[in-house]
Amino acid sequence: MNSKDERVLNKFKQYLQIQTVHPNPNYEEAIKFLENYSKEFLLNFESFELVKDNPIGHIFIEGTEPNIPSILLNSHIDVVPADTNNWKFDPFSAKEEDNKIYARGTQDMKCVGIQHLESIGRLVESGFKFKRSIHITFVPGEEVGGHVGMEMLVKSGIIKKWNIGVAFDEGLANPSEKFTVFYGEKAPWWILFTAEGNVGHGSQFIENTAIQKIYSVMTKLTEFRNKQLEILKKDPNKTISDVHTLNITQIKAATPSEKSINVIPSKATLACDIRITPKKSMEEIQKLIDEICESCNVQYQFLQHTPINNLTDLESQWFKTFESSCKELGIEIEPQIFPAATDSRYLRQLGIPAIGFSPMNNTPILLHGNNEFLDRDIFLKGVHYFMKIFSDISKI
Ligand SMILES: CSCC[C@H](NC(C)=O)C(=O)O
Ligand SMILES: [Zn+2]
Ligand SMILES: [Zn+2]
């Protein structure tokens, strides 16, 4: 193992040890760490807040042609909680066993954050001159919707100002020899249905109660869910990304005193998580929601809404260049649609082609799971892959 690889492995472990975990992520320490790390490569690092206590880290490298579209390398700093009791090591110790590094964030997505910085740092160190400017961002809050991070970068006009031609963001591990790359994702719609109804004594046949209305909503949503599942099951060529998914994730109703089982409550709510495939129109889903509200006499509000869901063009010069870099590296890629949501959706909404790529093959998908790990050699290879991918794409 050479000293550069030893060094980047240590950086990876240090980053993993910083507890940027929800609900109280330590962003301050992470930003300090990233700033010091950038300085080692003499890279220009700044941090700024668009939402209080949610700093965004930003490295900027001016290209030799600063007016042509730039390249954005984005990763999120935050990680989801880990249930320590179900892990074989402390999820923030970054302990290594059999070449595998165990920690929350090894796959999702501190690996990629370090790989972005290290690969660009090594290229700069070697004297490589980027034709296109490079922006590397480290954003907060992706795991809780991206509203304090990437969504704000888009809404504030900063992303527009940076004139981005192509963006790289997270992908998923692939248990096979191949590498998965994402050119789109499903649109998350999180909906809260609220019903109000008649109240009264639990011994009576009270009509139009809030709970009865929510029950009807539930029935209709479940019917839709079953139909989607049927479409998926009927055709072995279809994957989960070809259909919409729907899950009811919360049901709430009670009188203020939960002991009063004999009192019919006036209000009930139901939350559901819908993921709309970009292969079908969103109109069908909006119609379903409107029809449910009308026929069940309930109200709805969006808790998460993605009104536009663009795909990255696989025929674009950006994707073609990425593809040919991978070919030259001898790695096989599988373009797919991400079944959940990433910060890429905010970029694609602006029409920016985003490529979701976390270079992890021969690795089980363990994001958000127990004993999340990444093999050290796969991590190190990723740095080299990114060096080639970023140097090639910056030349076009
Ligand atoms: C909609 S914001 C939440 C983002 C989260 N992303 C992942 C990868 O788990 C999700 O899809 O639920
Ligand atoms: Zn992630
Ligand atoms: Zn995640």
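Remember, it's 1-based here, ligands and their atoms both numbered in the order they're listed.
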Using the benzene-type ring in the case of Trp, are the ring centres of Phe130 and Phe390 under 6.0 Å apart? no
Indicate, with yes or no, if the rings of Tyr15 and Phe33 have centres closer together than 6.0 Å. yes
Relative to the Zn ion (ligand 2), which of the N, O or S atoms in His76 is the closest? NE2
Tell me which N, O or S atom of Glu170 sits nearest to the Zn ion (ligand 2). OE1
Going by heavy atoms, is Arg345 under 4.0 Å from ligand 1? yes
Would you call Gly146 a ligand 1 contact, heavy-atom distance under 4.0 Å? no
Whether [X] has an N, O or S atom under 2.8 Å from the Zn ion (ligand 3):
X      : answer
Asp108 : yes
Glu142 : no
His368 : yes

Do Phe182 and Leu350 belong together in a cluster built from hydrophobic side chains that touch within less than 4.5 Å? no
Do the side chains of Ile120 and Ile114 join up, straight or via other hydrophobic residues, at under 4.5 Å, putting them in one cluster? yes
Interatomic distance, OH@Tyr385 vs CD1@Ile331, rounded to 0.5 Å, equals 5.5 Å
Rounded to the nearest 0.5 Å, what separates atom CD1 in Ile214 from atom SG in Cys296? 8.0 Å
Contact (N/O only, under 3.5 Å) between Arg275 and ligand 1: yes
With no hydrogens and no angle check, just 3.5 Å: does a side-chain donor-acceptor pair link Glu177 and Asn362? yes
If you measure only the distance, is there a donor-acceptor pair under 3.5 Å linking the side chains of Glu328 and Ser324? no
Atom 1 (C) of ligand 1: closest protein heavy atom, distance to 0.1 Å, is Trp190 CZ2, 3.5 Å
What residue and atom, counting heavy atoms only, is the protein's closest point to atom 4 (C) of ligand 1, and at what distance? Ala341 O, 3.6 Å
With a 4.0 Å cut-off on N to O distance, would you call Lys4 and Glu118 a salt bridge? no
If you check every N/O/S atom of Glu143, which is the one nearest the Zn ion (ligand 3)? OE2
Within a distance under 4.0 Å of any heavy atom of [X], pick out the atoms of ligand 1 and give their elements.
X      : answer
Gly145 : 2 (S)
Ala340 : 11 (O)
His368 : 9 (O)

